[in-house]
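In what follows, a single structure is set out as structure tokens and then discussed.
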Amino acid sequence: MIRSTPHPPEIPVTKATPFSVNLGNLSLFRVQPEVRVDDALALASEYLSCAAATAYEAADNSSAEIRPLARAVVHQIEAAKALVEASIAGLSNGADVTP
């Protein structure tokens, strides 16, 4: 069927996902459903920035034996942040995700 007007692409949203403390069938924390994925990724990027700052402090204030481990964590966080930011950019290039 040919449509007379184009339909905008659907904006991807999150699904409810439990994390952290799990008490049998009950999870105390979860990602809320129906949050726009671009908003969720932007918040994840902020969380990763906070985690990187914490890891930098841990690296700077650690003993010589622990410092390389803390710096490895910093590197992993920075890599995850880059992936999140690339995903945000990909979403905005692929479709208009503004409300």
Kindly compute the distance separating CD (Glu78) from CG (Leu48), expressed to the nearest 0.5 Å.
10.5 Å
So which atom in Ala70 and which in Ala58 form the shortest heavy-atom distance, rounded to 0.1 Å?
CB-C, 4.2 Å
Would you check if the side chain of Thr14 reaches a backbone N or O of Val35 as a donor-acceptor pair within less than 3.5 Å?
yes
Ala59 and Arg71: which non-hydrogen atoms are nearest, and at how many Å?
CB-CG, 3.9 Å
Rounding to 0.5 Å, atoms OG (Ser45) and CG (Leu83) come to a distance of 11.0 Å
So, using side-chain contact (heavy atoms from CB on, under 4.5 Å) as the criterion, who are the partners of Ile88 when residues are at least two apart?
Leu41, Ala42, Val84
Please identify each residue that fulfils side-chain contact (heavy atoms from CB on, under 4.5 Å) with Ser20, with sequence neighbours left out.
Phe29
Got Thr17 and Pro33 here, is their nearest side-chain heavy-atom distance under 4.5 Å?
no
State, yes or no, whether a side-chain contact exists between Val37 and Ile11 at a heavy-atom distance under 4.5 Å.
no
Give me the other members of the hydrophobic cluster that Val74 sits in, counting Ile, Leu, Val, Met, Phe, Trp and Tyr linked by side-chain heavy atoms under 4.5 Å, directly or via other members.
Tyr56
Note: Arg30 and Ala16 closest approach over all heavy atoms is NH1-CB, 3.2 Å
